[in-house]
Every structure is written in C-alpha cells, then in structure tokens.
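Everything below concerns the one structure shown next.
In this text, all values refer to a predicted model and were calculated from it rather than measured experimentally. Keep in mind that the numbers below use all heavy atoms, side chains included, and drop hydrogens, waters and symmetry copies.
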Amino acid sequence: MEGIETLKADTTLDKFNPIRQLSKNLPPYLQSMNEVDKEINLKFIESMNKKITFLKNPRTLPAHLTTKTEKLAEKSPFRLVPETVTFTEYEEGGVYEIPITITNVAGILRRIQAIPPATEYFSIGQITYPDKEKGEIAPGMSATILVRFHAVSLAEYDDEFLIKTEQDPIVVPLRARREPPNLTLVEVMDCGTIWIGDRVDISFRCQNVGGSAGFKFFHENEELDAAPGDEILMSGPFTIFPLQFYLATGQFIDVLVSFQPKDEGVLENKIILACDNQTSQFYTLKGFGAALDISVSKIDDKPLNFKENPLNSIWFNETHPNSDASRDIYVSNLSALPVAYHWSTYVFNDTNITLEAHNNHYSITPIQGILDPGSTNQFKITFRPASFQPFNEYADLFVDNIPLPALKYISPSLKESPLLSEIAGQFLGSNAKFPSIPYLQFELHGKGSLCELEFDPVYYVFPHNLLLGQSYRAEIKLKNKSQGSVNFKLINLPERTSESVTTAVNISEGQIDGNSEISLDFTWITNTLGSQVGVYQCSVSNGFPIYFQIQSNTIGPEISLESSNCDFGIIKCKEKSISNFTIKNESGIPAHVTIGHENFHKYTNSSEQSIIISPNYKEIAPYDTLKVSIEILSNKVDTIEEIIKIAVKNGEARYINIFAEVQKPVVSLDCYEFKLGQLAAGIESKPKTVTLINYGNLDTTFKWVIPLTEAHDFKISPSSGEIKASSKVTCEFTMIPFNGGNLDEIWVCEVEGLDSPLGILTTGDVKGLEISYIPADDNNLNTLASLTSSKQKSILPPSLYNASDRQSYLSSMTLSAAQPDQHLKVIDFGYSNIGDSKSIKFIIKNSSGLRTTFDLKMDNYEPGLSQEEVLAQIKAKEAKALQFESPKDASPRKIKFTSSTKFQTKNTTKRPDSREKLPPLLSDAHEQLNKFSTKEGETFTATKQLEKSKKFYLSNNKGLAFVCEPKSGVIDAHSEVIVTVTMYNDICGRFEDILVSSVKGLKPHRIPIRSRIKGSPLVLAPNQLGVNYKVDPPILSLGTLLSSGQPLSKKIKLYNSGPKDIWLDWKIFNYKDLAAREDGIFKISLVPTTIQYSADDEKIDLFDVKFQVTEPAEKPSPFSISPKEAIISGRKETIFTISFTSEIEEMHEAVILAHPKIVEEEDTVLGELGINLQAKTILPWLHVDKVQRADGFYYLAFDGYSAGGPNGIKDIGLSNITSAILSFTILIENGPFMIVQAKSSAPIYLQDYEGGAVADKVEQLKLKKTSSNLPITEQKYTLAPEDNLQVFIKFLKPNLNDIDAWPLASRSSIGGSFLIRFSNGHEQRLKLEARLYRPKIIINSEQSDEFKKLIEQDFGIVNIQFSKKLSLFLSNVSPVDAKWRLNYVQYPKKKNTGWKTMTKQEKEDDTILDDPEVFQFSISEGVLKGPSVPLKYTPTGPALPQALNQDLEKLPLQIQILFKPKLDKLYKSMFKIITEGGPDLDFVLKGRGSYLEEYDR
C-alpha cells in the first residue's frame, strides 16, 4: 500500500515490562521492578534498535537565522550565533551536535568559561578557541562551542548552560522539539453485531496528520501481549493486524479487526496503542455476539410457551377433498439479527427411497423471507386433501446461513441430525457460508372426508295434474355440502322410468364449488293419462352416488267454483242486489263454459222482479278465472229460489244454487210527546228517554235532526246510529233553554227505509238567569267582603224548597243586565320578567235569583295540573316525609340492614313486603314539623311553596300557564265570587289566550288574556365551581396558569328552564378591544305590534320602541368556547367547554356573549346571556431550598471518595410558591448523576398515571397508586400551590482508572445540571457539583513538615559495624483513606561525557552504590486514615499548651528507617510510596559507610 512503511517483526517494543528476578529474602517492595525503572529500561532497549544518523541534524547554522542572531547584546561583549540551540529532527538513541559561535565584539581581549547543562540529555563537547594555546578571544575573533544532544527517546527536553564572562554571565537555552504524531483512528472500533461462531473483518482507516512516528498495539493485560515475532494481536474475540507500523506525516494505514464472538452479548476489550515518543492511548474494541432465539409464541389465538411446552405436532380438522383448512402459527425472533428462513414440506417415507416428486398436501405462506429482530411473524399452514384418507406429512423451518454455535436452543430431533455429527457433509449442495438448519420441525396431521351432494327437494312431485302432450319444467337444487369442489354426472335410468315419459336435464355433468349449489332444470312431457315416474342417478367424485325421482299425474280440462251456493239473504224491496262467483279453469287448455240455457241470460219471472246473469257463455284460458255476476231486483216482498247449470265442453258440468228473501224495514217510537214542566234559563233539564223499536228483519239507520237555534240547546244521545233487526235503541235527551217563555218544539228523527220520518213534541215553561264579569278593585273587594260576612253560613239549596218557597224563589229572579262600563273586557298582565309570577283578580256576579255553577278553562295555556291536584301531591309528599319523623319523647330507634345490603352474610331469607322501609338519610321533614316563625323564614317557605306549584303548573310543556283560583264552584243567587288568575311562566315573548267561563244555564263566556314576558329561559346553572354569581354578569375565573402552556379548559352548564328548544351562538370580546371602541353602542328602531285578542274599547300600541346593542366585530382572543353553536333542549342542561391559552404574561379579561333564539320561533327575542372570563398567565418557577450563589445559580454539591465515603445521595426540595398549578418533568441534563427517588406532597393525577407499563404492574399487584410507584425519570409531576417535591439525586462516581474523568489530584470537581422542563416548554436549571477526592500522602519529618520536591534524607557517615535509625512521618492530607505500599525504584543516573562538564551532584551520583538492602523500614505498607492531624501544634494561650482531643486513628504514621552499610561506599537509593487511587511519592535515602572508628556511634 502506498505511503505505508511496515516495521519488521522484532522484539524492540515487546520488552516494556521485563520481570526482574530478585532474591526471595528481599523486602516486598524490592521483589519487583518499580514503574520508573521499567520505563527507563524500556527506553534503553528501544534505543538499542534504532540506527544513529548523524547527518540528519545540520552542522551549520541555517541561512534564515543569520540576520536575526547577529544582533549585538546591549550589555554583553559577546555575540552568540545562534542565541537558542534547538534540536528538531532526531531519532531515538541518536547523538546530535550543534555548534555555537561566540564572537568578541568588545575592544579588548576576553576570556569565557562554559558551565555544562544540568540534565544528562545535553552536554558540552569540544570548545575551539582562536588561540589554541591560551584560550583567549581577541576582539573580532570567535570561539566555537559544540553542544551535544543525546536522544534517549523521542520525547521533548528543555535545559540550559551558562557562559561565564568577565561581566554578566550568558544563559544559552537548549531545547529538543519534535512534532508529535496525530492519528485519526476512532477510539471505539465497533465491529457491529454478528452471530456466535461467525467472523467479520472490518477495516478502520488510521491516518497520521502529525509528525512521523512508529506504533504498536498492546493488550491491556501485559500477560496477553503478542509473542515476539507475531504480526497480530489477539484480544479475546478480536484480532488486530498489523501489530506494529510506522506512519510518516500524511500517510495512512487500514487497521484490520477480525471479530469472532463465542459468547452472547456485548463484548468490549481495551487495547493500548503505544508510540515511540513514550506516549500511549487506550482504544476500545466493541462487538455484539448474537445467539439464535426463535420460538413459536402463539398458534391461532392461543398463546404458547415454546420453551416449556414445545410444539411438535399440528392437527387439522377433517376436510373435504379440494377444500382448504388452515391454521396460523406465530414465530417470534428474539435474536439481535435478522434471520433468513425458508420452509420445507415433505412426505417422510423410510421404506422406499425414490427420486420422484411427492404430492404435498400442505402449503405454508410465506414460504421464505427474513425474520426481523424482535418481530413476530404470522405463517399460514394450509391443508388441502386430494382424497378421503389421512395425510401425515412434515414441515421444517430452515434458518439460512446461521453458524451452529449460535443456536441457543437445540431440539432433540436436531441433536440427532447429521448437521451436528457429520461435519464433512454439512455443506453438501449448499453455496452459503453455513448450512441451512431445520431449526423448527413440525408433524402435520390431517384427514380428507367423503364428499356429499344433496337434491333439494330429495324427490319431486308435480303439485298439480298435468295435461297430455304439454311440456312442464321442474327446477331442482343440487347442493354441495362439502368444503371443496365436487364433480358429478347425471344419468336417466330407463328401466326405472315410465315409457310414456319424455324427460331431459339442462346440466348432465359438471363441477360444484364447495358449500354452493346449482339449479337443474328438468323438462317433463307425458302422453298418457294417470301417474308417471322418472328416475335419475347422480355419480359423485370421492363419494357415494345418489338418486332422484320425479312423479306426475295427467288429467283433462277441469273447472272449479268457489262455492256451489249464491245466497243473497234478506234484501230490501226496490233495491238491486248483486252477488258474484268465480269459475276457475284448473287445466292447461282452454275451457268453454255455458251458464244456464240459451235464453237464461235475461230471465224474468214477472214484471216486478228480474234475475240477470253476465256473462252466460265464455272461453276460459288455461289456469284463468271467470268472474260471473248475478243481479236481482224486486219491487215486492217475495222469496226467490233458482238452480243454475254451468256446462263445460268436453268436461264435467257444475251447478250453483240462488236464494233471496225480499223484505221492508218496520220502525216506530214508544212515545211522541214530553211535558218538561218549569225550566230555568241556562239550566239543563232532567234527562228524558225515548225508544226506537225495529219490528222488521232488516237493519236500518236513524239520525235525529237538531236545528241550529240560539233559543235553546237540545242534546240527545245517541244522535244517530244503527238499529239491528228486531231490536231497540234507547235515546236519552236533555234540553237547556236560554230564553224565558213557553217551550213548544218538535224534534225529528229520520229512519232509512221508511216513507216518512218520526218525531217527538217537547213543551214547558222557562225562567231566566244573569251572570256578569266585573274587574276587581279595592272598593269592589271591600264591598264583597262585607256582604259575605253578613250572609248566613248555611242555607237550603233551591232543590230542597217546598212548593210555595220555590214559586217565590223563581218569581224573585230578575233579568236586569249589568252596566256596560263595569264588564270585564280583557285581562292584561302587562310586562313581566321571565320566571316571575303575577296575579290579577276579577269578580263573577250572579244578579239573578238562581243558584248556579261555573267552570273556568283556558283555550291554550291550561296548567298541566289543577290547583287541587298540585295541593294534593304536595300534601302527599309532606305526609310521606313526616312518617319517618319520630316523636320528641320517643327513644332512639335501631336501624337494621335489609337482606339486600352487601354486608349481609347470614340469614339471606327475604323479609315480607310489609316490612317498614328505612327512612331516607336526608329529607325536608323537619321543615314540616318546625315551621319558620320569622318574617324572612315565612317568605322563604312561601317562595319554596311557589316553586313547587310552578313546577306542577308548567308541566304542560308550553312555558306558560294561567291558573284560576277557584277554577270552578257554585255561585249562589245574588252573590259574587272573586277569581284570582295567576300567570306562571318560564319562557319569554308575547302571549295571548282566551279564558272560557262555562256557567251552567248560559253560553260559555270568552275573556281575552294578554301577557308580555321579558328575559330569557336560558340561565347559567347554579352552584358551579369557579363561578361568582354575586355580580352581574357572573365571573368565571380560570385561575392562574402558565404562559405558552397547554390550553386550560373549564366546563359550564347552561340550563333551559323553558319547554322549547333554544339555539344559541357564542361571541367573545376582549375588554381591551371594548375599551378602545369608538362606534355607537345602541341602535333604536320601531317594531309594529300584533295583537290577536283585544277588547272593544282597548287602545292598542301600534309600535314598540326597540333598543338594540350594536356589537363590535369579534377579534382573536385567548379564550375559546366549544361548541360555538348549540341547541339546548327544553328543560335540559348543555355543557360548554371554555379553553384558554396565551403566550403573554398578564391578566386576561373578556366577556363571552350568547345570542339565544327559540328554534320554532325565530322572531322571538330572548335576553342575551353574558359571562365575564378572567385568567392570569405567569412564567413557571419553582423555589429551591438551597442558597443561591453569586453567579445566580442554585447548587447541589456532592463528595466523591476514591474509596468509601458518603453514599452519594442528596435531596433537593422544590416548592411551588406561585398561584398556578405547575406540571413539569425532571431529568439530569448532563453529568454523572441520576435521579433515584422523588416524593411529592401532591396527590397523583390518574390521567398521567394510567396506561404505562408501571401502571400495569401496579394494577397487576393491586398496589395503591402513589407517587412511589411511578417511574422516576421523565415522569410528569404536578404541584398545586404550596405543594412541594423532594428529589433524591445520586452521584455516580467515575472510574478511578479514567484519568480524564477523575484527574490524578487530591481534589478535583465534576459539574452537571439538573433540568426542570415545564409543560409550556420553559426550563429551569440547577447546577450539580461533585468534589472528587483521591488520597494523597506527604512525608513529614521533625525538621520539615512536607517534602516539597524530590529531596534526600541523609544518614551521614556510619561505621559498617553499626547502624543508624531515622524517623519519618506519613500524613494523609485528604479525607479519603489511603492504602499505600513501599516500592524500590532504581536511582536515575545521567550519562556524562566529561568530568569537567559534570556538576557536583552528577559527580556524586557517578560514584554512588545503589543497594536498597542497606535501608530497612519498620513498615512497608498499610492504610492511613485521613485527613491526618498536623504533626506539630502551636500552644493556644500564654500558659501551658492545651490538650487536644485528637483522633488516634488520624495521627501521622511514624516509619523508622535503619541504615546499615556494608562497604566503605556512598549509598543512595530511591523509594516510591505507591498510593492506591492517588498520586505516588518519591524520596531518596543516602548514607556513607566507613571503616573509621570515629564513626562507631
């Protein structure tokens, strides 16, 4: 591949982690090589494999630096070229040189001295002076210093060296910089999802966009690294190639990763990509191993647990051949990958093996396809038998291209399959990567049944006689009772068919579909008389043959009569009577009939009677009828009897008898004169009876002729009717005279059939009666009251008077009329408000001496119930309520449950029906016992009683009722009655009616009534939540809600108190728009009035002045109502929904106006209905129980310890201090935090609870629906004002090994945010802060509280025969417990080229002996509690130091170190304190051994 240089396999990068074999007697920290030594040794080994190229670094100064570096220093007499020494291109293990030219720019001779660099990577080489003998630099002359750089690795290095002059020294910076590499390789190499046992190769492009470098892959566990010479790295199921490579700038390489899983699930491995510049990075290899998991979840509609109850056999019901029976199975793919499949159906035969194709009787659809992951697929198995026998076959579901290790479930039959035992034969006949596997195997069992055909009817008999030579047709149904199609063949059997019969069928053979039928038309012709028969045989495929028989009877022409008698019965004289009879031709040929003899068609017995027959001769078509009429007319009473012959040509004759009795009606009265005696005008006489007697045998009718006259009224019942023969009819009559004088009147009765009418004469003497109607005013009412009080309370009625008293009573009657100006002309209620009752009184005055009765009734608006009926119902309800009230002195009564109570568990026997019922829990019985005594209470009682009465009166469903009190009664002679007319209404408009006063003895008197009712029956239903009824119009407050939130809806009820349907539409006007209105408010118009009833002298208003409000145009409003239009039925409620939403935060006010109209009366104007709407919108905000910091945010802080520490759960309180209901969801927006619990003081809203998976689980376990059972994240919460929500948040500590997430410092922090998302989209955030603590150990001594840098502890000079002890103290400055251990680290030494260039420290390090065995520690590992108390304390006062309550476990740990030298050498060793989960600490111990005795102590 172009641009790629692949390194040869070597062991250069394989020796990063050598294992040093040490003596088992050494301390634990010396048993293994420390990390620093490992790193140094690896770098040393790597540098040995790199070639040193001295030609890469230039030996002369680049041209672009000459001008810049020739600038003279202002204070120094020397000029340096270059001023800074920089090494750029270098390889590991190489040594490079750059010369520095030092020019003396002063005027005198100068000397210099070069001080070598401090690090081992830079050194001073040869110094060349102009004068090689003296080493002096003359003016203008230059000296050259050669600077060397030893690249032990490709890392970056910084140093400097000093040039001492006679003036100020010159510092020369030294730098080694190489461009670092930058790879584009993704950190997570995802190989996707494959089957277990399969392999996928994926390449990942890796390009170096930085500096050139070499790379090599290592396993996270060094024990699993590739062996020397390998070119691949295997990490579990992953294989990486190439193992190592080199990329120059801009070059790229494809890293090939092979993934072959052996386990199911997500597989992740960490690998390390090491660079030759001593840097490395972790990469993740990721893949998913999928296992095949296919099972049958349901068959037809029955769920199936395939794991516990495998489905092996599928049975089908018996099915007819060529018909289908199907069953559905549902196969679920629970695998993570799609599965290709195909079905195979076959007939298993273990006796004969043949290559011939078998006829399968089972089919499966779909036959092949792909099962998507997590899907359930429906398969239809169809059974179609070819004959009536059992069919046992097999069906296998093959999964294609699936490796065997991926099978999660192996059936017993599959275990015995050669696929699992014979590996060599697996790929026989297959071009796929893996063989197809019969994963699911089923046995299919079905049976074919016999086919059945059936004739309908099973045999056929012609329903009538047949004629010779005529062709007839019979339609027969041939039904297939089988499910599939059936072949048939019809054959006539001559041996079983009559010889004179010719028959055929339209369909002799064919096929009938399943569950269907065909029609067969049989033709039939007979040539002989009598009975004939024909037989057919029907052959049935896959069934038994059936037979069909046809029978008939042949006759000649034939007629029939409906009846052989024609009886006219009794007929009236001189009246024609006609009777008809029908002749029917029963044959299929024409029939010639003759009625009577030749002259009989006009036969006459005498001049006074005649018999006419029409027609007398006729040809009747086949199966036709002939209607014959016989007319008889007789002018005398006689008896007629005749026999008429009906002759049929070539057929049998028929006869008919004629009979008639001719008579006249005979009717008379039992009485012809009635004397009625004395009568009173307007008073009905006593009933009289007269009888009509019919002496004849004929029924007849009668009718009384009543003349129209105003003098009297004659009533007879019945006034007309029918008198049966030889019967009587009694008629009762009364008479009401209206005028006084003698009565002499004849009443005529007309009787049908009589030559002259009948009549009766009535005579008598009539006395008069006078009634007047007077408007009631105060004077009339007072006079009437005085007259009533002065009368005797009990007088005899006129009917009980003796003869002399009665004569004087009749004589005292007068016929004088009332004054015209006092008569009541009209009852006008004027204007009234809807629902208000109004009463008007008038007087009925009897000016005569007769006592009479009256009855008042309305033409149109009669009340539903009379006043007496209303009072009776009210008293009945009061009595029912009072029966449950106990007397005051009665003892408490125990209430027992009846047998119907659900708590009854014993003795469920029904009680008798006569058992006393329990009293209602709530009743108004106390109002009947304890009447209100105050004026207000009496007013309340009266109003309540009025409402009850009004409800009964308006049950006429007309919206208006006029109630008269009294409605009827008696008016004594010379007396008056006060009548109160009360109007009840629940509808508005103009109304007119007639009050009809029926006074016994007079004609009905009609008085017009008028009323004008204002207002509207449409009202706002009372006692609705949120509605203020105390103001007009009412106010509906929707409360406070969120701007831009979900629409808030409230329902209002409107009640139609009237009986008629009302249509209305709504309009909404904003108060802001109404305030800015500039047009006119009212429009005045004149409307003509229409009056149906009026008095003669009444002044009528021609016009009404109408003030109409001009409504402004409707503008968009945040309020809306639904439905906008509606029809409210009479005395019904309708619910309207008012919705509100707004994006502006303010107080919203509007008025909603309804324009009602009566559906049946478009012109009727109803009062408008208005409601004030109020709503306030705010921004959502929750109060947090935390202190707000200076940045304006609320914080919730956590502490995370690398080991132990708090549980990481804290709570935060959210309170709703607004006046609105807040709905919101909570979630962690970012950061390693999660919500573990939320507790709310508000009740849970069921509409947010129902329908979820958690709700189903709660319902299944029958738990209470509380907030603790709800999902925690993304759960909707609703807080009413003053409610709160307590949220518990847990901090998820990051991985300790992830340095990026948890820096290697004693204290760091991680941030996050807690998001509150309100229902209107507004968000509120809280800051989450986690303080991360790692253990940190410092070293204290009695002289120093802490080692600031890598310092040394010097034991001084000790005789080799003795030892010296030194104490150090370890302190843990963090709150985390520190688990530490001591480890030896090889002391680092610098490589120097010359003694002169070495510093004092370097010279000392060059002579040391690094032997850690001379230093012995009292303790090398342990756990240090934190934070440790300070080692030293300062006194708290001028007196003695105060005792401190110290935690003994947190005291600094003292470590005693024993130095015992072996030789007369300088010992220096480095040790490292490795802290688990925290930064490490290095320190150096040194001491010198001596043989001198002066160092014995």
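- Atoms CG and CD, from D1211 and Q1237 in turn, are 10.0 Å apart once rounded to the nearest 0.5 Å.
- Using a 4.5 Å cut-off on side-chain heavy atoms (C-beta onward), Y1277 and T1225 make no contact.
- No side-chain donor-acceptor contact under 3.5 Å links S1044 and H1322.
- With ring centers used as reference points, Y1194 lies 6.0 Å or more from F1314.
- Atom CG of residue L1196 and atom CG of residue L1326 lie 8.0 Å apart, to the nearest 0.5 angstrom.
- The closest donor-acceptor contact from the side chain of E222 to the backbone of H219 lies at 3.5 Å or more, if one exists at all.
- Between atom OG of residue S1313 and atom CG of residue N1230 there is a gap of 3.5 Å, rounded to the nearest 0.5 Å.
- Judged by distance alone, the side chain of D190 and the main-chain N or O of G192 form a donor-acceptor pair under 3.5 Å.
- Side-chain atoms of R1334 come within 3.5 Å of backbone atoms of P1303 as a donor-acceptor pair (strictly under, hydrogens ignored).
- Taking the side chain as every heavy atom from C-beta outward, Y330 and N377 never approach each other to under 4.5 Å.
- Without hydrogens or angle criteria, N1320 side chain to S1043 main chain gives a donor-acceptor distance under 3.5 Å.
- Rounding to the nearest 0.5 Å places CD1 of I1228 at 9.0 Å from CG of L1315.
- In terms of heavy atoms, A1330 sits closest to F1233 at CB-CZ, 4.0 Å.
- No more than 12 heavy-atom neighbours from other residues, nucleotides or ligands sit within 6.0 angstrom of CD on E187.
- Not a single donor-acceptor pair under 3.5 Å links the side chain of K1210 to the backbone N or O of F1288.
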Problem - side chain to side chain donor-acceptor pair (under 3.5 Å) between S1306 and S1374, intermediate numbers included - result: CA-CA 7 Å; S1306 61; S1374 70; over 6 Å; no

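- Looking only at side-chain heavy atoms (C-beta outward), V266 and K286 come within less than 4.5 Å of each other.
- Using a 4.5 Å cut-off on side-chain heavy atoms (C-beta onward), I294 and L292 make contact.
- Remark: K1327 is positioned above the aromatic ring of F1193, its terminal NZ or CZ atom under 6.0 angstrom from the ring centre and at most 45 degrees off the axis.
- Inspection of the T376 and S332 side chains reveals an N or O donor paired with an N or O acceptor under 3.5 Å.
- Atoms CG and CG, from L1222 and L1285 in turn, are 11.5 Å apart once rounded to the nearest 0.5 Å.
- Between the side chain of N1216 and the main chain of L1279, a donor-acceptor pair closer than 3.5 Å is present.
- The side-chain heavy atoms of L1332 and P1294, taken from C-beta on, include a pair separated by under 4.5 Å.
- S335 and D293 share no side-chain donor-acceptor pair at under 3.5 Å.
- Between K1176 and E1149 no salt bridge is recorded (no basic side-chain N to carboxylate O distance below 4.0 Å).
- Contact check for P1034 versus N1028: no side-chain heavy atoms found under the 4.5 Å cut-off.
- When the shell of 6.0 Å around CG of N221 is examined, it contains more than 12 heavy atoms from other residues, nucleotides or ligands.
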Practice task
Report the C-alpha separation of K270 and T284 in whole Å, then their side-chain angles, then the decisive distance to 0.1 Å, and conclude whether the side chain to side chain donor-acceptor pair (under 3.5 Å) test is met.
Solution key: CA-CA 5 Å; K270 295 282 188 178; T284 302; 3.1 Å; yes

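- In this structure, L1025 places its CG atom where only 12 or fewer heavy-atom neighbours from other residues, nucleotides or ligands lie under 6.0 Å away.
- Between Y1201 and P1375, the shortest heavy-atom contact is OH-CB, 3.4 Å.
- Without hydrogens or angle criteria, N1372 side chain to I1337 main chain gives no donor-acceptor distance under 3.5 Å.
- Looking at heavy atoms from C-beta onward, I1289 lies out of side-chain contact with M1234 at the 4.5 angstrom threshold.
- Here the closest non-hydrogen pair linking L1179 and E1145 is CD2-OE2, 3.4 Å.
- Residue N1023 places its CG atom among 12 or fewer non-hydrogen atoms of other residues, nucleotides or ligands, all under 6.0 Å distant.
- Contact detail for I272 and S280: the closest heavy-atom pair is CG2-CB, 3.7 Å.
- Seen from the ring of Y1333, R1307 does not count as a face-on cation partner, given the 6.0 Å and 45° thresholds.
- In this structure, Q1324 contributes its side chain and L1182 its backbone to a donor-acceptor pair below 3.5 Å.
- Residues L1036 and L1038 are in side-chain contact: their nearest non-hydrogen atoms beyond the backbone lie under 4.5 Å apart.
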Exercise for the section: Starting from the C-alpha separation in whole Å, work towards a yes-or-no answer on side chain to side chain donor-acceptor pair (under 3.5 Å) for T1040 and S1219. Expected result: CA-CA 6 Å; T1040 305; S1219 57; 3.1 Å; yes

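- Looking at T1177, its side chain does come within 3.5 Å of a backbone N or O of E1146 through a donor-acceptor pair.
- For K1293 against G1200, the heavy-atom pair with the smallest separation is CD-CA, 4.2 Å.
- Using a 3.5 Å distance cut-off with no hydrogens or angles, the side chains of S1223 and S1319 do not pair a donor with an acceptor.
- Between P338 and P373, the closest heavy-atom pair is N-CG, 3.6 Å.
- Within a 6.0 Å sphere centred on NZ of K298, heavy atoms belonging to other residues, nucleotides or ligands number more than 12.
- Using a distance-only test at 3.5 Å, with no hydrogens or angles considered, no donor-acceptor pair links the side chain of N1284 to the main chain of S1241.
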